[in-house]
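The structure appears right after this line, and notes come after that.
Each ligand, and each atom within it, is numbered from 1 in the order the structure gives. Model, not experiment: these values are computed from the prediction.
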Amino acid sequence: TTFDPVEHRVPMLSLDNAFGEAELLDWDQKIKRRLEISPDDPIEYMAELKIDGLSISLTYENGSLMQAATRGNGVTGENVTPNIRTIKAVPLKLRTAKAKSTSNLFEFNGVPDLIEVRGEVYLRHDEFARINAENEEAGAPTFANPRNAAAGSLRQKDPTKTAKRNLDVFFYAVGALQGWDFQSQGDMLKTYPEWGLRTNPALKVCHDIRGVLEFTEEWVEKKRTLPYDIDGVVVKVNSMALQQQLGFVSRSPRWAIAYKYPAQQVRTVVEDIFVQVGMTGAITPVAALRPVAVAGVMVSRATLHNEDEIARKDIRIGDTVVIQRAGEVIPEVVEVVIAERTGQETAFTMPTNCPSCDTQLVKPEGEAVRRCANDHCPEKVRQRLQHFVSRNAMDIEALGGKRIDQLIDAGLVKNAADLYRLTKDVLTNLDRMGEKLAGNILGAVEASRTRPMKNFIYALAIRHVGEHTADVLAGAFPDIHHLIQATTDELAAIHEIGTTTAESVVQFFQSPQNLEMVEDLLTSVTPASGDSVPKGDAFAGMTFVFTGAMTIYSRDEAEFIVRQQGGKASGSVSKNTSFVVAGEKAGSKLAKAAELGVKVISEEEFREMLPTV
Ligand code: IVH
């Protein structure tokens, strides 16, 4: 996706980092030398949280939002106005403040003639989790951290998509400014909310650098309680006059610094970059790192996500990089330490062919991820089998971890159906496999034969069908054969099933290979239907008549569900009928229902009567 370029009136600077207390104290001393202040005299600082999102610049002219831009390279950003306008915390008009500050020269005017307001767009943890769950469900790549998810959400071609992501924003800086003056950072942070611009509540005017250290110490623990990520503390010289005097070097102001909590981020070396093949064929680059402890955990790998991400961060093999563990997720590379470059580093190029089966990879238009489309790809097969036995799928715990690899490597299983053909003799012939272990495996495989339908559907690893969708499908198709034969229209008519998912399901069952595998499986496995709609007595004493063309359920399924809930299904309407469920083009039975005063409901209403899990 490309956006129009926007030149910032005043460049958006970045911040120098200080790792640890000593570097912060050094910075304080350096400032005093520049300002010719005695080393023991205090400088007043503003301490703020460093929000881990992406910076934006909003231009308000006479209080109206005219333009919103990303930071870009600091000089030129991207025009994301329609997207930014969807963020609830972004006012389209500044509230006219009653200026209280006596130092304010422009009290007659409530807002500046022009202001570039700068701040951070971010995602809360709960939203991040929701979006990732949604993507996982859709078989789309998930985001490594909330910051990437925020960036991805903001940079949508279609702003209505951005609107659904519930982005948030905190404002903390100013670019161009006409017809107004701020005396200090504190003055600005006090004024912004009066204009309706959201600021972070955690801020502290510090009498000197010691006060800043107290703030950083206070937040080292407290940051865990925040509903969003911060990656440090930003320290700013409070007085705007002093800020002016200090100016900036290259791309960073001298008057501000980012204090990074030392334990979370560490440096290490990218020893290699390799790619992984996922069960849907998605190719993910991964960095092999020189092992290092991050927040008490040894880390030797970091996901690099996709090639765009590698290019954006310019990560090369041999680079010294800053890595971090964001929350409890997989570690990621934050940035390359350019100063450590020797010239010996080598750029990584994405393979054009699958590292496992050598098939040429495909990269669908508009997608960031290359895929291996070969259904026989050994690595895909291995991943699919691992998925099949995993807890939320068929839950064959005895085959978890590396054990399934052993069976694959020995040529005993090529697909899921093979699992059900294993015998004690075959298993005990394997290395390090005694009677007992073989017995455990066979028992676990046996027990999986009657897993609920939703687990079975999920276990098939159909693209775009995650756990939740599998559950929805299981509810709609108690008979798996109806799912296999369902058309895109039928599927898409189901609540919560979109066209992409519907097409993906149809495509899956259209493949003769998949069909053969599923049929083969079904000779061994009898998924227990109706797990999403547990057996119960919701319809005890009731009689249902189904009429017309049904879209959500087949008539068999609907009648099956009624019986499962203790009700009766009948073919004709009588005074004993409790409900007539009318599909499209329902005919004479409707008239009969009207005549007898029997309640007529839609298929949707029928579904709503079902108990939910
Ligand atoms: S001030 C010239 N304040 O950190 C000062 N930045 O590493 C410009 N950030 O690009 C930024 N929270 O995206 C400032 N309270 C805060 C911040 C903050 C997060 C981000 C911002 C900036 C980056 C620099």
Side-chain angles (χ1 to χ4, degrees), residues 8-19 23-24 27 31 45-58 68-78 80 84 89 115-123 145-148 150-151 154 167-177 182 184-186 188-190 192-193 197-206 212 215-216 219 223 226 228-240 242-244 246-261 264-265 312-313 322 324 326 334-338:
H8 301 298
R9 285 182 166 81
V10 169
M12 290 179 80
L13 304 175
S14 54
L15 294 174
D16 238 358
N17 293 330
F19 288 92
E23 289 187 22
L24 195 59
W27 174 74
I31 286 185
Y45 292 110
M46 173 65 80
E48 301 167 24
L49 299 182
K50 187 168 188 297
I51 316 300
D52 195 10
L54 62 146
S55 45
I56 49 152
S57 180
L58 310 185
T70 62
R71 179 170 181 277
N73 62 12
V75 175
T76 310
E78 298 170 305
V80 287
I84 288 287
I115 184 169
E116 283 178 326
V117 179
R118 270 110 196 238
E120 200 85 351
V121 167
Y122 68 96
L123 267 178
N145 53 51
R147 176 171 35 77
N148 289 9
L154 184 61
L167 289 164
D168 263 315
V169 65
F170 285 125
F171 296 99
Y172 50 65
V174 64
L177 181 62
F182 296 118
S184 64
Q185 176 72 12
M188 186 184 83
L189 290 178
K190 208 165 90 283
Y192 274 4
L197 297 166
R198 196 159 168 257
T199 54
N200 190 284
L203 54 95
K204 186 182 165 204
V205 180
C206 306
V212 173
F215 184 84
T216 62
W219 281 97
K223 71 180 161 64
L226 292 170
Y228 47 85
D229 278 353
I230 64 165
D231 59 339
V233 167
V234 180
V235 190
K236 301 169 185 175
V237 171
N238 198 26
S239 151
M240 292 283 182
L242 291 185
Q243 287 185 10
Q244 282 244 303
L246 285 160
F248 52 89
V249 250
S250 92
R251 305 260 228 67
S252 321
R254 286 200 188 86
W255 48 264
I257 197 152
Y259 172 86
K260 297 281 177 88
Y261 287 110
Q264 305 297 111
Q265 292 201 339
R312 195 173 64 74
K313 293 180 178 163
V322 176
Q324 75 176 9
V334 181
E335 63 190 3
V336 172
V337 185
I338 301 288

Counting N and O atoms only, with roles assigned by atom type, does the side chain of Arg198 sit under 3.5 Å from a partner on the main chain of Val169, one being a donor and the other an acceptor?
-> yes
Option with minimal heavy-atom separation from atom 11 (C) of ligand 1, where the choices are Phe248, Tyr172, Phe171, Tyr122 = Tyr172
Among protein heavy atoms, which sits nearest to atom 10 (O) of ligand 1, and what does the distance come to when rounded to 0.1 Å?
-> Ser55 OG, 3.7 Å
Going through the distances and angles, do Tyr172 and Lys236 end up as a side-chain contact (heavy atoms from CB on, under 4.5 Å)?
-> CA-CA 11 Å; Tyr172 50 65; Lys236 301 169 185 175; 4.0 Å; yes
Under 3.5 Å between some N or O of ligand 1 and some N or O of Val234?
-> no
Note the single closest protein heavy atom to atom 13 (O) of ligand 1, along with its residue, its atom name and the distance in Å.
-> Glu120 OE1, 2.6 Å
Sidechain-backbone polar pair: Tyr192 side chain, Ala173 backbone, donor-acceptor under 3.5 Å | yes
Donor-acceptor contact below 3.5 Å, side chain Glu116 vs main chain Val10 = yes
Do any N or O atoms from the side chain of Asp16 and from the backbone of Ile257 form a donor-acceptor pair under 3.5 angstrom?
-> no
Atoms of ligand 1 under 4.0 Å from any heavy atom of Glu48, numbered from 1 in the order shown, are 3 (N), 15 (N), 16 (C)
Ranked by distance from atom 12 (N) of ligand 1, the top protein heavy atom is Ile51 N, 3.0 Å
Return a yes/no value for Pro253: is any of its N or O atoms, backbone included, closer than 3.5 angstrom to an N or O of ligand 1?
-> no
Test item: Asn17 side-chain N/O and Tyr259 main-chain N/O as donor-acceptor pair under 3.5 Å = no
Donor-acceptor side-chain pairing of Arg118 and Ser57 below 3.5 angstrom = yes
What is the nearest protein non-hydrogen atom to atom 5 (C) of ligand 1, stated with its residue, atom name and distance?
-> Leu15 CD2, 3.8 Å
May I ask you to check if ligand 1 and Arg71 share an N or O to N or O distance below 3.5 Å?
-> no
Counting both backbone and side chain atoms, is some N or O of Trp255 under 3.5 Å from an N or O of ligand 1?
-> no
Could you tell me whether Lys236 approaches ligand 1 through its side chain, its backbone, both or neither, with non-hydrogen atoms closer than 4.0 Å?
-> side chain
Residues passing the ring-ring contact (aromatic ring centres under 6.0 Å, His included) test with Phe170, sequence neighbours excluded, are Tyr122, Tyr228
Gln243 side-chain N/O to Arg254 backbone N/O, donor-acceptor pair under 3.5 Å = no
Which one holds for Asp52 and ligand 1: side chain close, backbone close, both close, or neither close, with close meaning a heavy atom under 4.0 Å?
-> neither
Short version for Lys50: what comes under 4.0 Å of ligand 1, heavy atoms counted, is both
For atom 8 (C) of ligand 1, grab the closest protein heavy atom and report residue, atom and distance to one decimal in Å.
-> Leu13 O, 4.0 Å
